[in-house]
Amino acid sequence: MELRPRIGRRVVLIPLPFQGHLNPMLHLANILHFSGFSISIIHTHFNSPNPADHPHFSFHPIPDGLPPKSGASMGDIIPLVNALNQNCSGPFTSCLSEMLSDASAQPVACLITDTHWHVTQATADGLEIPRIVLRTSSFTTFAVLAALPLLRQKGYLPLRESQLEEPVHEFPPLKIKDIPRSGTTDHDPMYQLLSTMCKESKASRGIIINSFEELEPSAMSTVQQEFGVPVFPIGPFHKFLPPSPSSLLNPDRTCISWLDAQPPKSVLYVSFGSVASIDEDEFSETAWGLVNSNQPFLWVVRPGLVRGSAGAFQVPDGILDTAAGRACIVEWAPQLEVLSHAATGGFWTHSGWNSTLESLSAGVPMLCRPVLFDQNIDARYVTDVWKVGISIESKLERGKIEEAIKRLMIGREAMEMRERAACLRETADRCLREGGSSYKYLEKLVSLIMSF
Ligand code: UDX
């Protein structure tokens, strides 16, 4: 695609500094740059993007007040997001005021921030700049989060062990156990964060979502009604343009040459995203399940994946010897390339929204093992709505894993899931083309920004 003529307006984007949030925000920045806007990125020192990967954007670091060497593990994300909002409010105002008063720079049209940067609504109001939000989950998750007070009122929450398998009538086919586990009581910090996030998103001028209309039509109308501002589903972002790198860890490209040597659709790609972790027992069961399945596998064992191991985790030699030639293990993979590789036939995922959408739009069926946040909702949609995957809902145990991998990769059920996944990939491709739904919503988004 050719770069559109320059519009002479600047859009300022503020990503939340976690991998699953940085990726979509940087893809969005590329799309808006392609659409004619100049791009400025305000970012924290913590998990800073690499400016060298995006020479066409200007980068503005701000102090984040976090102690040096802060790291994100599963338990500490909520306090981290709270601390970031608290610490960065002043720096946002100073940085934006400076940009607004710079007469030599292009005028700022609007601010686009992650929904979790809720404090930026007050900053935007104070400086009289319109704020649009980017929501990095699915429409369904956003609708469920907005409905948490209602779900509590109706008695679904707080979650009770005896009710977990029961349906949530307002959000079929979700079950009570799919509702995010923490964040469901008044005093819970996650509940407070989510309700502030929803409140400040309602005060924004629009919501951009990395999804597409055809994927979640009913949840999209719920979000439209609930939030009362224009909604722009313009995903899958990464397929609009060739994405520029945005990984915080270095992707190990040796896995691509390993994939090149594997038969078509034979490899199971295994990755649990950037935050979720498992314990040592689960790791061992996973490893033996993979080996015993007899399928070739590419496994991302990222530093910190195994709870209690901060650094790289050593995969036991016995496992690797048994799987000789059939296994490739890396600390971080170029996931988009892996998913679109001809040898990749399935994806065992933690069902983070980016991974889910990337797999759907590459036509790769999924083995879902959700861990936290919105991942149960994504997995439920993959298995029960789009029917392009299966879930392991029980304790991770090697026999069950072996069985699930075989169901996903071999036989009639696998073929049917593959066919449905190929149809979804087609739909995703179509919606990005001229006249497609995401393409049209992008045009509407550009018009809205131009109208400010
Ligand atoms: C978390 C939540 O799970 C997710 O649902 C929420 O919307 C954002 O925060 P995360 O654990 O990072 O996200 O998972 P996911 O949303 O799947 O994002 C991971 C990203 O890292 C994907 O874009 C994926 O392509 C990339 N990745 C992952 C790599 O590039 N290489 C890898 O080896 C693993």
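Keep in mind it's a predicted model, so treat the numbers as computed, not measured. Residue indices begin at 1 and follow the sequence shown. Counting starts at 1 for both ligands and their atoms, following the listed order.
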Only heavy atoms count here, so choose which of Ala333, Ser246, Pro334 is nearest to atom 30 (O) of ligand 1.
-> Ala333
Can you run down the ring-ring contact (aromatic ring centres under 6.0 Å, His included) pairs that involve residues 202-235, sequence neighbours left out, and say none if there aren't any?
-> Phe142-Phe227
Heavy atom of the protein closest to atom 26 (C) of ligand 1 (residue, atom name, distance) | Asn23 ND2, 3.7 Å
Of all heavy-atom pairs between Asn210 and Pro24, which one has the smallest distance, and what is that distance?
-> ND2-CB, 4.1 Å
Minimal non-hydrogen separation, Glu216 against Phe139, with atom names | OE2-N, 3.0 Å
Any N or O on Asp378 sitting closer than 3.5 Å to an N or O of ligand 1?
-> no
Do me a favour and list the nearest non-hydrogen protein atom to atom 6 (C) of ligand 1 with residue, atom name and distance?
-> Asp374 OD2, 3.9 Å
For ligand 1, does Trp299 get within less than 4.0 Å through its side chain, its backbone, both, or neither, judged by non-hydrogen atoms?
-> neither
What are the atoms of ligand 1, with element, lying closer than 4.0 Å to any heavy atom of Ser271?
-> 34 (C)
Out of curiosity, is Trp332 lining ligand 1, as in a heavy atom under 4.0 Å away?
-> yes
Can you tell me the protein heavy atom closest to atom 13 (O) of ligand 1 and the distance?
-> Gly20 CA, 3.9 Å
Pro15 meets the side chain to side chain contact (heavy atoms under 4.5 Å, CB included) criterion, sequence neighbours left out, with Leu22, Met25, Ile41
Any non-hydrogen atom of Val275 lying under 4.0 Å from ligand 1?
-> yes
Which of the ligand 1 atoms, numbered from 1, are nearer than 4.0 Å to a heavy atom of Gln375 = 2 (C), 3 (O)
SB check Glu285 Lys395 (cutoff 4.0 Å) = no
Would you tell me whether Arg307 and Ser277 have side-chain atoms, one donor and one acceptor, within less than 3.5 Å of each other?
-> yes
Is atom 28 (C) of ligand 1 less than 4.0 angstrom from at least one protein heavy atom?
-> yes
Identify, for atom 17 (O) of ligand 1, the protein heavy atom at the shortest distance, and state residue, atom and that distance.
-> Ser355 OG, 2.5 Å
Region of His21 engaging ligand 1 - heavy atom pairs below 4.0 Å | side chain
Distance filter under 4.0 Å to Gln19 heavy atoms, resulting ligand 1 atoms | 21 (O)
is_close_aromatic(Trp299, Phe283), centroid dist under 6.0 Å = yes
Salt-bridged, Glu200 to Arg131, with N to O below 4.0 Å?
-> no
is_close_aromatic(Tyr381, Phe171), centroid dist under 6.0 Å = no
Has Glu280 got more than 12 heavy atoms of other residues, nucleotides or ligands less than 6.0 Å from its CD?
-> no
What's the shortest distance from atom 11 (O) of ligand 1 to any protein heavy atom, and which residue and atom give it?
-> His350 NE2, 3.1 Å
Examine Arg152 relative to Tyr191 and say whether NZ or CZ is less than 6.0 Å from the centre of the six-membered ring and inside a 45° cone about the ring axis.
-> yes
Give yes or no for whether the N/O distance cutoff of 3.5 Å, strictly under, is met between Ser137 and ligand 1.
-> no
Nearest protein heavy atom with distance in Å, relative to atom 12 (O) of ligand 1 = Ser274 OG, 2.4 Å
Sub-3.5 Å N/O-N/O distance, Trp353 and ligand 1 = yes
For atom 25 (O) of ligand 1, which protein heavy atom lies nearest, and how many Å away is it?
-> Glu358 OE1, 2.7 Å
Which is closest to atom 18 (O) of ligand 1 by heavy-atom distance: Leu16, Thr136, Leu248, Asn354?
-> Asn354
Aromatic centroids of Tyr269 and Trp348 separated by under 6.0 Å = no
Can you tell me if Tyr269 has a non-hydrogen atom under 4.0 Å from ligand 1?
-> yes
Donor + acceptor pair across side chains of His341, Asp260 (<3.5 Å) | yes
